[in-house]
Structure formats: structure tokens, C-alpha cells
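To start, the structure itself, in C-alpha cells.
Given the structure is predicted, the values throughout are model-derived calculations rather than measurements.
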There are 2 protein chains.
Amino acid sequence: MSGRKAQAARNDELIREAARAVFTADPGAPISAVAEHAGVGISALYRRYKSKEDLLQKLAADGMDRYLAEVEAALADDAAPWAAFAGFMRRCLDIGAGSLTMRLAGSFEVTEDMSRKGREIHAATQRLLDRTKEAGALRPEIEVGDISVLLEHLHTIRIGDDERMNRLQHRYLALMLDALHLTGAEELPGPAPTWQELRGRYDG
Amino acid sequence: MSGRKAQAARNDELIREAARAVFTADPGAPISAVAEHAGVGISALYRRYKSKEDLLQKLAADGMDRYLAEVEAALADDAAPWAAFAGFMRRCLDIGAGSLTMRLAGSFEVTEDMSRKGREIHAATQRLLDRTKEAGALRPEIEVGDISVLLEHLHTIRIGDDERMNRLQHRYLALMLDALHLTGAEELPGPAPTWQELRGRYDG
DNA sequence: TGTAGAACGGAATTCTTCGTTCCGCTATGA
DNA sequence: TCATAGCGGAACGAAGAATTCCGTTCTACA
């Protein structure tokens, strides 16, 4: 497996990876930054995606798939509810799932397919939360919208190089997990964000 | 108190307030957004500030003053360490203190005066944390850098209108406070962000 | 070995956005 | 009545970004 075909296949991956990294860091980044980060020229990008919007759409759809896969993996692990949930959150942090789509909101047209996937994601996450709550391991007031918001904002922590950044994100996730695990604590102020509120940002 | 002078004085305040809100929401916002949010024209802005950089500098300096005032108020309240600390965090959230300066980092030249204030802020926050830890009310691993990062990121939660946003920010602050108050919990991963790391972002 | 063409790097082009300036207009207060 | 401070917003120019274009390189196959 070598030659131009292999190089191209490798570039496919390189570009997707770079796009994920760059747009997670800065949703408004120029497309040239993606090319640079991937170590390729701009035309390598335009050969694969019709436009920036096209790239963002595919990236967002991909992010939703990754996230859904994680939720389902967590649901499949029915031994220790809390451990499964905590592991799910940590994995989401590492693979950048659960935030990209949201942060990109507004910069591309939402397809019917994505709306459908969004509903699936919501339902699956709901199941995961319910199960964890039933095991008495999660604050009952926590809702799906909370998870979105938390993941999204953990991803916005950007200090130092990639490795340092990841460690810091895990530091604050650990803090949040401690708080989420506290079932006997005082009630939280304000209702959780609703599905409408989160989706509202797509249309704005 | 009416007439042109009064109108101008009112605009002074309107513009400062709008600038704070707009740049807290988006540090890269155009200056026209500030004018619009304040309900004034662009020239009302340029009559008061020489340039965008000038406005940002004054805003950042003002933000540092507000923050320092809050820390000192918390230190002055020496009855209940934890309540003082929690109240301090909540007030910072409401007045937008502790994050603006950081988020604006890199978009203007840092004056010697600001550096000095930065050191004061660090020292005062350190005292507040130490005191709260000594009372056994705060995780010992929490450092000044953590507070900066937490406040900064709580401010980036932007959903719904201003009032709704504020409630949600308080919801997640409450969660974080529960975690910070947990003195017996497992150790956090990764060291806290250092002063250098945070300041590093000024130099770009 | 010669050659068609896929894949690419990056300069050139075009479009957008933003900071700043400029030009009347209005209301105040002498 | 008039000079003018204060203002709204269009106009201008620079910076930056998306997209296109062209010359080059490398592969595969004759």
C-alpha cells in the first residue's frame, strides 16, 4: 500500500483530523488554518469538500456519529452505572465529541438527517442519565441539556499545548463529576437548559 | 439634570455597560456591535475613546479594579469563610469580573500599571483561598489559576437572553461550588494552571 | 522510457468584514 | 437667532478570508 492513492487516503484522514482540531479550538478559524495544521495545501482540501460549509457539515455529522457511538457504548456497559457514565464523559472529552456540532451551530445549514440524528442523540443520552439516576449515582436534577453544556464548555478550555490542555480539561471534568455524583446536595438554581434553547442557536 | 450634558453622561455609562456585555460575550466583536447594543451611533463611541484598542484597555483595567474590589470585600468579611468565598464567586459572575481581562488578552498592549494590578490580584486571591482552606472549607488542591479558569469559562455560557443566561451560569457555578467544597474527595488529575500559563496568553 | 492525468502547493482573485473618518442634522444655551 | 457640542450613520480603505487557477510532481501503465 503505497503511491499516490495511499498518500491521498492518508490525507483524507489528516485533513479530517486537522479540521476537527482546528474548529474545536476556534469555530471561526479560516480554512487555510486547517490546511496548514494538516500539513497540506489548500487545494487538497477543496478537492475533497465543495466549500467550507460542506466541510463543516460533514464534520458536524461525523461528530454526532462519534458521540452517539459513545453513548451507546456506555449503555451497553451495564455493570457499574456510575463508572460507565464517568467513563463516557471522559471519553467524550478525549475525542472531542458532544461539542463540535454545537459550537459550529449557525455556520451551516442543518439537514433533515442531522435533525433526526439530534433526536436520537437526545433520546440515547436521556436513557443513559435515567439509568445512572436509577442507580442512585447521579443528581436527579441533571438533564440532557446539562451534559451538552458541560461538554461544550470543557472543550473551550485552551491553555498550553494539546497535551497540557487535555490534562486541564480532565482536571475540571473530575471536579464536575464529583459534583454530579453528589446525590444528597442542595438543589441547583435555575432549570436545566431545554432542547429548544440549545437548538435555538442553530437558527440564530 | 437634563439637556445635552445629561444625555452625554448617560451615554458614558450606556457605552461602558454595552462594551462590557458585548466583549464578554465575544472578545472579537466589532465595535459597531457595541454601538448597536448601547443604542447609540458609532461616533458617540469615537468621541469617548481614541480607538478600539483604547476602549479595550480601559475596559480591562476597569475589570481588574472590579475584581480586586470583590476579593477585598470577601477578605473583609471574616465571619464565615466558606460563605464569603461562595458569595465572592457569585458576585464575580454577576458583575462579569475575573474574566474580561483574560478573554481580551492579546488584543491590546499591556501597560506596566496593569501588570502591577495583575500581581495584586493574584496575591489577594491567594490570601482568600488560603483562608478558606485553613477553615477546612475548600479543597487544598485548588489554586488561583483554577479560579481564573473557572470564572472565565462560566462567563462563556451563553444561552437565551441575559436573564436566562445569568441563571444558567449560576446553575453551573453552584455545581462547581459543591465540588470545590468537597474537601475529602479524591485528588484531581493534572496540576492547576500556573500564573505563567495564564499570562502566556497575553504575549500571543 | 514516454505520457496521461490524478493530486497537490500555493499565488492570484474576489468578496466580506471591520476600524476609522467624514458629513450633515439636531437640540441646547447664550 | 446662531454657534456648536454631540450625534447617527454612510463612506472609505485596509485586512483577511473563501475560492479559483495554474504550473509541478509523481504514479501507473503502455
Side-chain angles (χ1 to χ4, degrees), chain A residues 1-60 100 103-110 204, chain B residues 1-60 100 103-110 204:
Chain A
M1 174 58 107
S2 83
R4 232 30 188 307
K5 281 282 168 60
Q7 161 81 333
R10 226 170 310 125
N11 275 355
D12 280 355
E13 186 54 30
L14 235 47
I15 288 174
R16 258 204 308 277
E17 202 51 54
R20 196 163 13 248
V22 169
F23 288 125
T24 299
D26 172 15
I31 220 160
S32 62
V34 175
E36 200 172 342
H37 191 279
V40 303
I42 292 182
S43 46
L45 251 163
Y46 273 90
R47 164 158 300 275
R48 293 169 174 76
Y49 303 94
K50 202 161 70 315
S51 64
K52 187 183 192 180
E53 176 166 350
D54 184 34
L55 168 60
L56 290 178
Q57 259 187 8
K58 300 226 165 105
L59 213 56
L100 232 194
R103 303 197 65 201
L104 260 31
S107 47
F108 58 84
E109 211 182 336
V110 181
Chain B
M1 171 58 107
S2 84
R4 231 36 189 295
K5 279 283 167 59
Q7 163 81 331
R10 225 170 310 127
N11 278 354
D12 280 354
E13 185 55 31
L14 236 46
I15 287 173
R16 256 204 310 277
E17 204 50 55
R20 191 155 27 240
V22 169
F23 289 125
T24 299
D26 170 14
I31 219 159
S32 63
V34 176
E36 200 172 341
H37 192 280
V40 303
I42 293 181
S43 42
L45 252 163
Y46 274 89
R47 165 157 300 274
R48 293 169 174 76
Y49 302 94
K50 202 161 69 312
S51 65
K52 187 183 192 181
E53 176 164 350
D54 184 32
L55 168 59
L56 291 178
Q57 260 187 7
K58 300 224 167 108
L59 214 55
L100 233 194
R103 304 200 65 202
L104 259 31
S107 47
F108 58 84
E109 210 181 339
V110 181

Tell me: CG of B:L56 to P of C:dC18, nearest whole Å?
14 Å
Over how many whole Å does the gap from B:R47 atom CZ to D:dG9 atom P extend?
16 Å
Is any NZ, NE, NH1 or NH2 atom of the basic residue among B:D54 and B:K58 found under 4.0 Å from an Asp or Glu carboxylate oxygen of the other?
yes
Distance in Å, B:L104 CG paired with B:F23 CZ, rounded so as to fall on 0.5 Å steps:
7.0 Å
With 3.5 Å as the limit, what N/O pairs link the protein to nucleotides 20-27 of chain C?
unit_1 : atom_1 : unit_2 : atom_2 : d
C:dT20 : OP2    : B:Y46  : OH     : 2.6
C:dT20 : OP2    : B:K52  : N      : 2.9
C:dT20 : O5'    : B:Y46  : OH     : 3.4

Give a yes/no on whether any side-chain N or O of A:N11 is located under 4.0 angstrom from OP1 or OP2 of C:dC8.
yes
Looking at CG of A:L55 and OH of A:Y46, how far apart are the two atoms once the value is rounded to the nearest 0.5 Å?
9.0 Å
What is the separation between atom CG on B:D12 and atom C1' on D:dG6, rounded to the nearest whole Å?
12 Å
Got a sec: does the CD of A:E13 have more than 12 other heavy atoms crowding it under 6.0 Å?
yes
Which whole-number value in Å describes the distance from A:R48 CZ to C:dA6 C1'?
11 Å
Rounded to whole Å, please give me the gap between CG in A:L45 and C1' in C:dA7.
13 Å
Value in whole Å for how far the P atom of C:dG19 lies from CG of B:L55:
10 Å
A:R10 CZ - D:dC26 C1' separation (whole Å)
14 Å
Without decimals, in angstroms, what is the distance between A:L14 CG and C:dA7 P?
16 Å
Can you run down the salt bridge (charged side-chain N to carboxylate O under 4.0 Å, His left out) pairs that involve residues 18-27 of chain A, sequence neighbours left out, and say none if there aren't any?
A:E17-A:R20, A:R20-A:D62
Just how far is it from atom NZ of B:K52 to atom CG of B:L59, taken to the nearest 0.5 Å?
11.5 Å
